[in-house]
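Given the structure is predicted, the values throughout are model-derived calculations rather than measurements. Reckoned from all heavy atoms, side chains included, excluding hydrogens, waters and symmetry mates. Lettering of chains follows the sequences in order, A, B, ..., and the numbering in each one begins at 1.
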Protein chains: 2
Amino acid sequence: MDIARDATLHQRILNELESQIVSGAWPPGHRLPFEVDLAKQYGCSRMTVNKVMTQLAKAGLIERRKKSGSFVTQPQAQSAVLEIHDIKTEVASLKLAYSYALLATTEREADIEDRRRLDLEKPGPVLEVRCMHLAAGDPFCLEERLINLEVVPDARHADFSNVAPGPWLLERAPWTAAQHQIQAVGADRETAKLLKLKPETACLVIERRTWNTFGPVTHVRFTYPGTRHRVVADFQPSSSQPR
Amino acid sequence: MDIARDATLHQRILNELESQIVSGAWPPGHRLPFEVDLAKQYGCSRMTVNKVMTQLAKAGLIERRKKSGSFVTQPQAQSAVLEIHDIKTEVASLKLAYSYALLATTEREADIEDRRRLDLEKPGPVLEVRCMHLAAGDPFCLEERLINLEVVPDARHADFSNVAPGPWLLERAPWTAAQHQIQAVGADRETAKLLKLKPETACLVIERRTWNTFGPVTHVRFTYPGTRHRVVADFQPSSSQPR
DNA sequence: AAGTGGTCTAGACCACATG
DNA sequence: ATGTGGTCTAGACCACTTG
């Protein structure tokens, strides 16, 4: 906890509150101390605390309610930018029946390729999960995931035959940073077979790495039949709207 | 200018400064009034002005330099999220020679499809521009663009044979909101021919709509040979880093 | 009615970069 | 050295919502 030694008072308070939240010490729904109390605790004025709380609220980590206090929001408010797709929700919004199938899980020491995918500096144990998401019984999306067992050791004993690793992780290992890569590729033979496509059909591949304060959490590659999926990102540069 | 009647003082000042910037009245490089002067002008304390300026800086609209003042940043600070690709820069970063070729321009009344692409409510004049971006003489990306002539009438007489419409627009019609859509498609015959690919090769299609305060500005569709291009988006939910 | 966050003030001191 | 933004204070009033 020696991060941010000579930062501003803001930053120090922000970091401390933030780590309470992302570490899970303050779970979703938890009420934060009131501004006046935090001000006393840190020996500063309320304005300073207010600034921090306002930032946390803007970042979506907490929700503020007058007369009641400030509360940690549900798992992750990644709504800001490039949404983290919950595939189940996505399929449901298309009014199709969702189902899920586990293909395989493998535990191993990270090889070179694994370390590249996970942004891992040292070798370490990883869990690979391959699974399929289906809509109305048809292949919707292939998921190939790598989980860093050093950061999420519980994943070793998780049962992914009924719960997809995405939702499972979201509850247990909140992330603080994410990187997306999107590209188009022609389906290779195995992918084509799984998705029931002709080989070389254009597919949209979305890769996402996520980190929390303890390091890389997971790398996941979603392969969608190309024309059946779009990524949408809205963007407004300034901070006008009240939201 | 009757927006935001009963907003907070913050909001009012923010809106006014922001519109000076996005309207172009304060062009890139322009020095904003000092905090103390703005405080006098609005009859408020410096803290209030400071809060606004801090927000503008976070949003990337201005840059603040001690002892010098605050300055409007270059055209658009879309660096935040899903970067607006300047293809010339992109090619340059690959250390390849960039070149550009205009294919065709067409002026017409917006048809149904044009209105859908531009998010246009009423019919109106539009300009279609098709052009190619090349890297080391090879096709790099096909650009198909629609410009709303009601918002950017000057485009009618612009010469796009040497300057790509992207950079041209960026200087003349700053945008305030953008939406991206990304998908993978198999190249149709014409696209394949232009990009020198086999038909049905996987391509990454990035579509972008942009708006400013006067309405839809432009819709553009970039088609890249799939494996040769990736979209990358970093995302950090909270506001920790000093950047 | 009371307690919370939202906003604002009129000062202050400091670090920093140099019209 | 000077003037700028960065930060912080110790108050204050208001609006909202309801332990």
Side-chain angles (χ1 to χ4, degrees), chain A residues 4-18 21 26-73 77 239-243, chain B residues 4-18 21 26-73 77 239-243:
Chain A
R5 170 60 39 214
D6 48 17
T8 66
L9 189 46
H10 281 140
Q11 290 290 338
R12 267 196 38 232
I13 304 178
L14 184 67
N15 282 335
E16 292 191 21
L17 297 186
E18 208 175 74
I21 295 171
W26 288 347
H30 179 265
R31 205 208 70 221
L32 276 70
F34 300 125
E35 290 190 357
V36 276
D37 298 331
L38 283 171
K40 264 181 217 159
Q41 179 184 325
Y42 284 101
C44 67
S45 78
R46 187 167 77 94
M47 266 233 63
T48 306
V49 171
N50 180 278
K51 203 166 174 176
V52 173
M53 303 284 269
T54 303
Q55 277 185 69
L56 285 174
K58 261 194 195 154
L61 287 178
I62 66 171
E63 184 190 342
R64 316 202 70 188
R65 289 198 287 269
K66 293 184 184 183
K67 168 79 181 185
S68 306
S70 304
F71 300 82
V72 177
T73 47
S239 37
S240 312
Q241 349 268 27
R243 87 125 119 206
Chain B
R5 171 59 38 213
D6 49 14
T8 67
L9 189 46
H10 281 139
Q11 290 291 340
R12 265 196 41 230
I13 303 178
L14 183 69
N15 282 335
E16 291 191 21
L17 297 186
E18 206 175 75
I21 295 170
W26 288 348
H30 179 266
R31 206 209 70 222
L32 277 69
F34 299 125
E35 291 190 356
V36 276
D37 298 332
L38 282 171
K40 264 181 218 159
Q41 180 183 325
Y42 284 102
C44 66
S45 79
R46 186 167 79 93
M47 267 234 59
T48 306
V49 171
N50 179 280
K51 202 164 175 177
V52 172
M53 302 286 268
T54 303
Q55 277 186 67
L56 285 174
K58 263 196 195 151
L61 288 178
I62 66 173
E63 183 189 343
R64 316 203 69 189
R65 289 198 287 270
K66 295 183 184 183
K67 167 80 181 183
S68 306
S70 304
F71 300 83
V72 178
T73 47
S239 36
S240 313
Q241 348 269 27
R243 85 127 117 202

Rounded to the nearest 0.5 Å, how far apart are CZ of Arg12(B) and OH of Tyr42(B)?
7.0 Å
Listed pairs, N/O of protein and of nucleotides 15-19 of chain D, under 3.5 Å:
from: dG19(D); atom 1: N7; to: Lys67(A); atom 2: NZ; distance (Å): 3.2
from: dG19(D); atom 1: O6; to: Lys67(A); atom 2: NZ; distance (Å): 2.5

Given atom CZ of Arg64(B) and atom P of dG3(D), what is their separation to the nearest angstrom?
18 Å
What is the distance, to the nearest angstrom, from the CD1 atom on Ile13(A) to the P atom on dT7(D)?
13 Å
Interatomic distance where CD belongs to Glu63(B) and P belongs to dG6(D) [whole Å]
11 Å
Hey, what do you get for CD (Glu16(A)) to CD (Gln41(A)), rounding to the nearest 0.5 Å?
8.0 Å
Nucleotide dC8(C), atom P - distance to CD of Glu35(A) in whole Å:
15 Å
Per the under-4.0 Å heavy-atom filter, residues of residues 43-51 of chain A near DNA chain D come out as Gly43(A), Cys44(A), Ser45(A), Arg46(A), Met47(A), Thr48(A)
Leu14(A) CG - dT7(D) C1' separation (whole Å)
15 Å
Residue among Leu56(B), Val52(B), Asn50(B) satisfying side chain to side chain contact (heavy atoms under 4.5 Å, CB included) with Thr54(B)
Asn50(B)
Let me confirm one number: the CD-OG distance from Glu35(A) to Ser70(A), rounded to the nearest 0.5 Å.
6.5 Å
State the CE-CZ distance between Met53(B) and Phe34(B), to the nearest 0.5 angstrom.
9.5 Å
Nearest whole angstrom, please: distance from the P of dG6(C) to the CD of Gln55(B).
13 Å
Between atom CD of Gln11(A) and atom CD1 of Ile13(A), what is the distance when rounded to the nearest 0.5 Å?
10.5 Å
Taking NZ from Lys40(B) and C1' from dT9(C), how many angstroms apart are they, rounded to a whole number?
17 Å
Does Val72(B) reach the side chain of Pro27(B), with side-chain heavy atoms less than 4.5 Å apart?
no
Arg12(A) CZ - dC8(D) C1' separation (whole Å):
14 Å
Which part of the nucleic acid, if any, lies within reach of Ser70(B) when heavy atoms closer than 4.0 Å are counted: base, sugar-phosphate only, or nothing?
sugar-phosphate
Could you grab the distance from atom CD1 of Ile62(A) to atom CD of Glu18(A), nearest 0.5 Å is fine?
11.0 Å
Any heavy-atom pair between the side chains of Lys58(A) and Lys58(B) that's under 4.5 Å?
no
